[in-house]
Chemist: 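Dropping a structure here in structure tokens format, bear with me for questions.
Given the structure is predicted, the values throughout are model-derived calculations rather than measurements. Note: hydrogens, waters and symmetry copies are ignored here, and every other heavy atom, side chains too, is used.
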Amino acid sequence: MVGSDVELGCAVPEGSSFDLSELFVYWQISESDTVVMYHIPGNSSTGHVDTHYRNRAQLSPDRMKRGDFSLHLFNITPQDEQKFHCLVFWKFNKVLEAVVTLHVAANYSMPVVSTPSSPSQHELTFTCTSTNGYPRPNVYWINKTDNTLLDEALQNSTVSLNPKGLYDVVSVLRIGWSPSVNVGCCIENVLLHQNLTVSSQPETLIGTRGKITENHSSANSYAAISILAVVAVVVAVVTGWACRSRCPRRRYTGAQAARPEPELTDHV
């Protein structure tokens with residue numbers, strides 16, 4: 001997970017013993033010459049380590065003596081999603097070689113769905129936003145009435161990398177006008193087996209195609225004040241009469257899938 005620490009395994013069978021004065025250990029990126037960390041007898045310098053990994057990569061001398069050459073990486077970033085190559089030489093003979101693939105992930109923020117403030121006569125526009133996730137997400141819009149997926153042709157999604165190296169997503173849905181509508185936005189993180197789903201606020205849209213209004217609590221308050229005024233005037237005629245309508249305001253946050261700890265490393 002982005003921001004966490006991870007250990008990339010590279011070890012010989014237990015029971016082995018090595019003298020550090022005759023041991024050479026190299027960690028580098030498989031597809032480039034990027035140096036991640038190394039151990040050279042009599043040289044404690046890390047001057048050849050790439051700046052991206054300087055002060056973020058560590059080998060344990062005590063564990064290397066026992067044949068464990070695992071690399072400890074701190075404060076994982078999206079740029080660390082690489083194949084790491086481990087090479088170990090003992091008395092100038094290669095005794096171990098391994099490639100470890102590191103997968104990186106970050107949780108997306110809970111999606112926020114904005115509902116139409118001034119719907120047109122012909123269509124409704126909803127916008128869904130979610131930020132700071134990794135890897136690149138899949139975006140779906142759902143008809144919450146029957147939980148079916150809406151046609152992808154109705155949506156326009158923009159996914160971009162932010163300065164943190166994480167993904168932000170903005171998805172715009174345009175659908176035909178309807179007097180009552182409830183849609184949901186789903187952000188899927190495939191690597192984490194995670195779906196974050198939020199539905200639009202199920203406001204009841206009332207009126208004609210040419211004029212649509214939403215029932216809000218403020219409108220309810222205004223109606224209540226008007227009714228009280230009428231009652232004050234005609235109290236002798238209409239005693240005890242009162243009316244107040246309410247529009248339920250509920251927000252369905254969807255079911256968030258269980259988040260099993262992803263297996264961040266695997267040996268190839």
Side-chain angles (χ1 to χ4, degrees), residues 1-108 132-137 161-167 188-194 257-268:
M1 299 297 289
V2 170
S4 67
D5 303 337
V6 68
E7 185 174 275
L8 307 183
C10 182
V12 297
E14 294 184 7
S16 302
S17 178
F18 293 89
D19 184 346
L20 296 183
S21 65
E22 298 180 284
L23 185 69
F24 296 79
V25 181
Y26 302 94
W27 277 91
Q28 62 188 41
I29 303 300
S30 295
E31 299 178 358
S32 69
D33 295 328
T34 301
V35 178
V36 179
M37 193 60 188
Y38 57 86
H39 166 79
I40 297 176
N43 184 354
S44 60
S45 171
T46 58
H48 297 289
V49 172
D50 187 84
T51 55
H52 180 69
Y53 294 102
R54 195 164 296 169
N55 300 321
R56 294 182 51 237
Q58 185 179 83
L59 293 169
S60 169
D62 289 337
R63 292 172 64 176
M64 287 193 294
K65 292 177 182 179
R66 302 191 300 269
D68 187 349
F69 313 104
S70 298
L71 179 72
H72 196 169
L73 279 180
F74 302 93
N75 191 23
I76 295 301
T77 72
Q79 290 74 31
D80 294 325
E81 186 164 84
Q82 303 283 352
K83 288 185 178 181
F84 294 81
H85 194 184
C86 170
L87 276 170
V88 180
F89 295 87
W90 166 250
K91 296 180 178 181
F92 299 103
N93 295 313
K94 184 168 68 175
V95 296
L96 181 62
E97 181 175 9
V99 175
V100 185
T101 301
L102 177 63
H103 298 288
V104 178
N107 290 311
Y108 281 89
N132 293 324
Y134 198 89
R136 187 183 181 92
L161 282 172
N162 62 30
K164 299 177 182 178
L166 303 175
Y167 287 104
E188 180 187 28
N189 189 320
V190 176
L191 187 58
L192 295 180
H193 307 288
Q194 178 188 76
R259 302 183 185 178
E261 283 294 323
E263 183 178 348
L264 295 180
T265 64
D266 56 89
H267 295 273
V268 178

Chemist: Suppose we screen for ring-ring contact (aromatic ring centres under 6.0 Å, His included). Which residues come up paired with Phe74, at least two apart in sequence or across chains?
Modeler: His72

Chemist: Among pairs that include at least one residue of residues 16-38, which meet salt bridge (Lys or Arg N to Asp or Glu O under 4.0 Å), considering only residues two or more places apart or in two chains?
Modeler: none

Chemist: Which atom names give the shortest non-hydrogen contact between Ser70 and Leu59, and what distance separates them?
Modeler: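 Looking at all heavy atoms of both residues, the shortest contact is O-CD2, 3.4 Å.
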
Chemist: Distance check, rounded to the nearest 0.5 Å: Leu161 atom CG versus Arg136 atom CZ?
Modeler: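 Between atom CG of Leu161 and atom CZ of Arg136 there are 8.0 Å.
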
Chemist: Do the side chains of Pro137 and Tyr108 get nearer than 4.5 Å, heavy atoms only?
Modeler: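 When only atoms from C-beta onward are counted, Pro137 and Tyr108 do touch, with a gap below 4.5 Å.
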
Chemist: For a quick check under 3.5 Å, do Asn132 and Asn162 share a side-chain donor-acceptor pair by atom type?
Modeler: yes

Chemist: Under the side-chain contact (heavy atoms from CB on, under 4.5 Å) rule, collect the residues that match up with Asn55, sequence neighbours excluded.
Modeler: none

Chemist: Rounded to the nearest 0.5 Å, how far apart are CD1 of Ile76 and CE of Met1?
Modeler: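 Between Ile76 CD1 and Met1 CE, I get 11.5 Å after rounding to 0.5 Å.
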
Chemist: Going by side-chain hydrogen bond (donor to acceptor under 3.5 Å, both in side chains), name the residues that satisfy it together with Glu97, two or more places apart in sequence or in a different chain.
Modeler: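 With sequence neighbours excluded, Glu97 shows a side-chain hydrogen bond (donor to acceptor under 3.5 Å, both in side chains) to His85, Lys94, given in chain and number order.
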
Chemist: Is there side-chain contact between Val36 and Phe84, with at least one heavy-atom pair below 4.5 Å?
Modeler: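 In short, these two side chains touch, coming nearer than 4.5 Å.
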
Chemist: Identify, with sequence neighbours excluded, every residue that meets side-chain hydrogen bond (donor to acceptor under 3.5 Å, both in side chains) alongside Ser60.
Modeler: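 side-chain hydrogen bond (donor to acceptor under 3.5 Å, both in side chains) list for Ser60, sorted by chain: empty.
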
Chemist: I need the full list of ring-ring contact (aromatic ring centres under 6.0 Å, His included) pairs touching residues 2-37, with sequence neighbours left out, sorted by first then second residue.
Modeler: Phe18-Phe69, Phe18-Trp90, Phe24-Phe92

Chemist: Which pair of heavy atoms, one from Leu191 and one from Ala105, lies closest together, and at what distance?
Modeler: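 Heavy atoms only, the tightest pair is CD2-CB, 3.7 Å.
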
Chemist: Say whether, by atom type as modelled, one donor and one acceptor occur between the side chain of Ser16 and the main chain of Gly67 under 3.5 angstrom.
Modeler: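 Side chain of Ser16 to backbone of Gly67, a donor-acceptor pair under 3.5 Å: no, none is there.
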
Chemist: Return the set of residues passing side-chain contact (heavy atoms from CB on, under 4.5 Å) with Leu20 (not counting sequence neighbours), or none when no residue passes.
Modeler: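 Only Leu23, His39, Pro61, Met64, Lys65 meet the side-chain contact (heavy atoms from CB on, under 4.5 Å) criterion with Leu20.
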
Chemist: Sort and list the pairs that fulfil salt bridge (Lys or Arg N to Asp or Glu O under 4.0 Å) and have at least one residue in residues 34-59, not counting sequence neighbours.
Modeler: Arg56-Asp80

Chemist: Below 4.5 Å, heavy atoms only, C-beta onward: do Asn189 and Asn107 meet side chain to side chain?
Modeler: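 Contact flag for Asn189/Asn107 side chains = no.
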
Chemist: Checking Arg63 now: which residues fulfil side-chain hydrogen bond (donor to acceptor under 3.5 Å, both in side chains) with it, not counting sequence neighbours?
Modeler: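 Arg63: side-chain hydrogen bond (donor to acceptor under 3.5 Å, both in side chains) contacts with Glu7, Asp68.
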
Chemist: If you measure from CG on Asp5 to CG on Leu73, what distance do you get to the nearest 0.5 Å?
Modeler: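 So the gap between those two atoms works out to 8.5 Å.
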
Chemist: Only counting residues at least two apart or in another chain, list the ones meeting side-chain hydrogen bond (donor to acceptor under 3.5 Å, both in side chains) with Gln79.
Modeler: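 For Gln79, the residues satisfying side-chain hydrogen bond (donor to acceptor under 3.5 Å, both in side chains) (neighbours in sequence not counted) are Thr77.
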
Chemist: Can you tell me which residue pairs pass the ring-ring contact (aromatic ring centres under 6.0 Å, His included) test with a partner in residues 48-67, sequence neighbours excluded?
Modeler: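 Qualifying pairs, neighbours excluded: none.
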
Chemist: Under 3.5 Å, side chain of Gln28 to main-chain N/O of Thr34, donor-acceptor pair present?
Modeler: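 No.
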
Chemist: Could you tell me if the side chain of Pro78 sits less than 4.5 Å from the side chain of Leu166, heavy atoms only?
Modeler: yes

Chemist: Does any pair with a residue in residues 11-92 pass disulfide (SG to SG under 2.5 Å), and if so which ones, sequence neighbours excluded?
Modeler: Cys10-Cys86

Chemist: A side-chain contact here means heavy atoms from C-beta on lying under 4.5 Å apart; do Val49 and Met37 qualify?
Modeler: yes

